[in-house]
Colleague: 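Before anything else, here's the structure in question.
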Amino acid sequence: MASGGSPAAAVPEVALQFGNARPMPAVAIGTAASTPVTHEATKNAVLAAIEVGFRNLDTASMYGSERPVGEAVAEAVKRGLLDSREEVFVTSKLWCTQCHPDLVVPSLRETLEKLQMEYVDLYLIHWPVCMKPGPITFPAKKEDAVPFDFEGVWRAMEECQRLGLAKAIGVSNFTTNHLDRILAVATIPPAVNQVELNPAWQQRTLRAYCVDKGIHVMAYSPLGGQDWSGTGKGNGVLGSQVLAEIAQRRGKTIAQVSLRWIYEQGVTWIVKSYNKERLKQNLEIFDWELTEEDRLKINQIPQKKYVTAADLFSTEGEFTSVALADMDIVEE
Ligand code: A2P
């Protein structure tokens, strides 16, 4: 645990209801970058994040960031920024090409080899989307989508926890329908659902469902997200007039208003920043509160989802063995 007086000590923690993970720090650094970044840049950003007080690190086989995240943790221990690897909460994710029952445990072992760790604190199914096994390509060919064996894959995820390779297991980008399918077969329920969530996509229905089932919600794209498709489509958070006005009145940045709002909803956010000043800024949300008036205004922000399962696939070709509707993620 964080030693008293360090910036990490100011970050509250959340106890997950399922699994054996240590309490999870309520905010995390993400390592998914929409433009290419070097191994060194990722490693340095994670080290900077640890230095300013982040103890919750998010990676995925898809991001190609597992090795630099692992190296940053090892370096942080060497430099005395951390006493040991146990001080950080590390999440990684099973990519769509790995969502086959016999590939789950080997994929996690590969992740652990890259991280140079004995276990991850949390292992997630990245999407309710299954693709033919093979190298990770982005975007994928539509013909590579195959039906998802929810029961078989979840059994293998449970095996990961039983083997101690993951302290807790969960999902990402799952709707209430997908969660119903997992809960119908689970002996270990998912501890977490990591989804797109911010003031412009508040996920009220999903959040209420997850509270009811004891599933903790983590928010990705808490600042509206990066421009993954390269289309320059607007950002409903950093471009929000409502948030800008609240930020100005409170003497905060728009990012801080959004991150504070998410934290107040009992949701753990993950934000990628490879900039030390912004990393610090993002942590400065625990010693002030939004007012009731601020919250009411935020509740009125028009809702728009940015990330969909369709974004994983090339615009060329067609789905041959699965319908996009089976995997798509629209709820509210
Ligand atoms: P940068 O790394 O240059 O800070 P994601 O939604 O995937 O977590 O990405 C967050 C995006 O917002 C990144 O492009 C990141 O860029 C940027 N960002 C992170 N923190 C802040 C902040 N406090 N203010 C403005 N932009 C931010």
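Please read these numbers as outputs of a predicted model, since none were measured by experiment.
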Colleague: Measure across Cys99 and Cys130 and return the closest heavy-atom pair with its distance rounded to 0.1 Å.
Modeller: O-SG, 3.2 Å

Colleague: Spell out, yes or no, whether Ile125 and Tyr119 are grouped together once hydrophobic residues are joined by side-chain heavy atoms under 4.5 Å, including indirect joins.
Modeller: no

Colleague: Please determine whether a side-chain nitrogen of the Lys or Arg among Lys297 and Glu293 lies less than 4.0 Å from a carboxylate oxygen of the Asp or Glu.
Modeller: yes

Colleague: If you measure from OH on Tyr63 to CH2 on Trp95, what distance do you get to the nearest 0.5 Å?
Modeller: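 So the OH of Tyr63 and the CH2 of Trp95 are separated by 8.0 Å.
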
Colleague: To the nearest 0.5 Å, tell me how far Cys96 SG sits from Leu312 CG.
Modeller: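 Taking SG in Cys96 and CG in Leu312, the distance rounds to 5.5 Å.
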
Colleague: Can a salt bridge be assigned to the pair Arg109 and Glu113 using a cut-off of 4.0 Å between side-chain N and carboxylate O?
Modeller: no

Colleague: In this structure, would Val146 and Met131 fall into the same cluster of hydrophobic residues linked by side-chain contacts under 4.5 Å?
Modeller: no

Colleague: With side chains defined as the heavy atoms from C-beta onward, is the minimum distance between Val307 and Trp201 less than 4.5 Å?
Modeller: no

Colleague: Would you mind writing out the side-chain donor-acceptor pairs for residues 180-192 within the sub-3.5 Å range, not counting sequence neighbours?
Modeller:
unit_1	atom_1	unit_2	atom_2	d
Asp180	OD1	Tyr209	OH	2.6
Thr187	OG1	Glu158	OE1	3.0
Thr187	OG1	Glu158	OE2	3.1
Thr187	OG1	Arg162	NH2	3.3

Colleague: Does the distance from a Lys or Arg side-chain N to an Asp or Glu carboxylate O, for Glu86 and Arg22, drop under 4.0 Å?
Modeller: no

Colleague: Give a yes or no on whether the backbone of Gln281 and the side-chain of Gln256 come within a donor-acceptor separation of less than 3.5 Å.
Modeller: yes

Colleague: Would you call Val153 and Pro101 a side-chain contact if the rule is heavy atoms closer than 4.5 Å?
Modeller: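 Sidechains of Pro101 and Val153: in contact.
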
Colleague: Can you tell which of Ile254, Leu223, Leu283, Val237 makes a side chain to side chain contact (heavy atoms under 4.5 Å, CB included) with Leu259?
Modeller: Leu223

Colleague: Can a salt bridge be assigned to the pair Arg85 and Glu118 using a cut-off of 4.0 Å between side-chain N and carboxylate O?
Modeller: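 Not counted as a salt bridge, because no side-chain N and carboxylate O are separated by less than 4.0 Å.
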
Colleague: Can you spot which of Thr268, Ile270, Val88, Leu122 makes a side chain to side chain contact (heavy atoms under 4.5 Å, CB included) with Asn56?
Modeller: Thr268

Colleague: Could you check Thr111, Thr59, Thr31 and say which one makes a side chain to side chain donor-acceptor pair (under 3.5 Å) with Glu66?
Modeller: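 Between Glu66 and the candidates, side chain to side chain donor-acceptor pair (under 3.5 Å) is satisfied uniquely by Thr111.
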
Colleague: Please check: side-chain N/O of Asp121 versus main-chain N/O of Val90, any donor-acceptor pairing under 3.5 Å?
Modeller: yes

Colleague: Could you tell me whether a side-chain N or O of Asn299 sits under 3.5 Å from a main-chain N or O of Leu296, the two making a donor and an acceptor?
Modeller: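 No; judged by distance alone, with no hydrogens or angles, the pair does not exist.
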
Colleague: Which pair of heavy atoms, one from His178 and one from Met327, lies closest together, and at what distance?
Modeller: CE1-O, 3.8 Å

Colleague: Of all the heavy-atom pairs spanning Ser92 and Ser61, show the shortest one and how long it is.
Modeller: OG-N, 3.8 Å

Colleague: Using only heavy-atom distances, determine whether the side chains of Asp311 and Tyr306 contain a donor-acceptor pair under 3.5 Å.
Modeller: no

Colleague: What pair of heavy atoms forms the shortest contact from Leu179 to Cys210, and how long is it?
Modeller: CD1-SG, 3.9 Å

Colleague: Quick test of your reading: applying salt bridge (Lys or Arg N to Asp or Glu O under 4.0 Å), list the pairs with at least one residue in residues 138-150, sequence neighbours left out, ordered by first then second residue.
Modeller: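 Every pair satisfying salt bridge (Lys or Arg N to Asp or Glu O under 4.0 Å) with a residue in residues 138-150: Lys132-Asp144.
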
Colleague: Linking directly or through intermediates, with side-chain heavy atoms under 4.5 Å: list the remaining ILVMFWY members grouped with Leu103, chain and number order.
Modeller: none

Colleague: Determine, stepwise, if the pair Glu284 / Lys252 fulfils salt bridge (charged side-chain N to carboxylate O under 4.0 Å, His left out).
Modeller: CA-CA 9 Å; Glu284 287 165 5; Lys252 306 291 175 191; over 6 Å; no

Colleague: Would you sort out whether Trp154 and Ile169 count as a side chain to side chain contact (heavy atoms under 4.5 Å, CB included), showing the intermediate values?
Modeller: CA-CA 9 Å; Trp154 192 252; Ile169 51 175; 3.5 Å; yes

Colleague: To the nearest 0.5 Å, how far apart are OG in Ser65 and CD in Glu71?
Modeller: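 Ser65 OG to Glu71 CD: 11.5 Å, rounded to 0.5 Å.
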
Colleague: Are there over 12 heavy-atom neighbours, none belonging to Glu264, within less than 6.0 Å of that residue's CD?
Modeller: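 It does: Glu264 CD has more than 12 such atoms within range.
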
Colleague: Could you grab the distance from atom CD of Glu196 to atom CD of Gln203, nearest 0.5 Å is fine?
Modeller: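 Going from CD on Glu196 over to CD on Gln203, the span is 7.0 Å.
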
Colleague: With a 4.0 Å cut-off on N to O distance, would you call Arg155 and Glu151 a salt bridge?
Modeller: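 Here Arg155 pairs with Glu151 in a salt bridge, since their nearest N and O are under 4.0 Å apart.
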
Colleague: In terms of heavy-atom contacts, does CD of Glu318 have more than 12 from other residues, nucleotides or ligands at under 6.0 Å?
Modeller: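 It does not: Glu318 CD has 12 such atoms or fewer within range.
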
Colleague: Shortest non-hydrogen contact from Phe174 to Trp127?
Modeller: CE1-C, 3.8 Å

Colleague: Give a yes or no on whether a salt bridge exists between Glu289 and Arg295, defined as a side-chain N under 4.0 angstrom from a carboxylate O.
Modeller: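 Yes, this pair counts.
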
Colleague: If I compare all heavy atoms of Val322 with all of Ala145, which pair ends up nearest, and what's the gap?
Modeller: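 Closest approach of Val322 to Ala145: CG1-CB, 3.2 Å.
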
Colleague: Is the shortest distance from a Lys or Arg side-chain nitrogen in Asp58 or Lys272 to a carboxylate oxygen in the other one below 4.0 Å?
Modeller: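 Judged by the 4.0 Å cut-off on N to carboxylate O distance, Asp58 and Lys272 do not form a salt bridge.
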
Colleague: Counting distance only, does the side-chain N/O of Glu87 pair as donor-acceptor with the main-chain N or O of Asp83 below 3.5 Å?
Modeller: yes

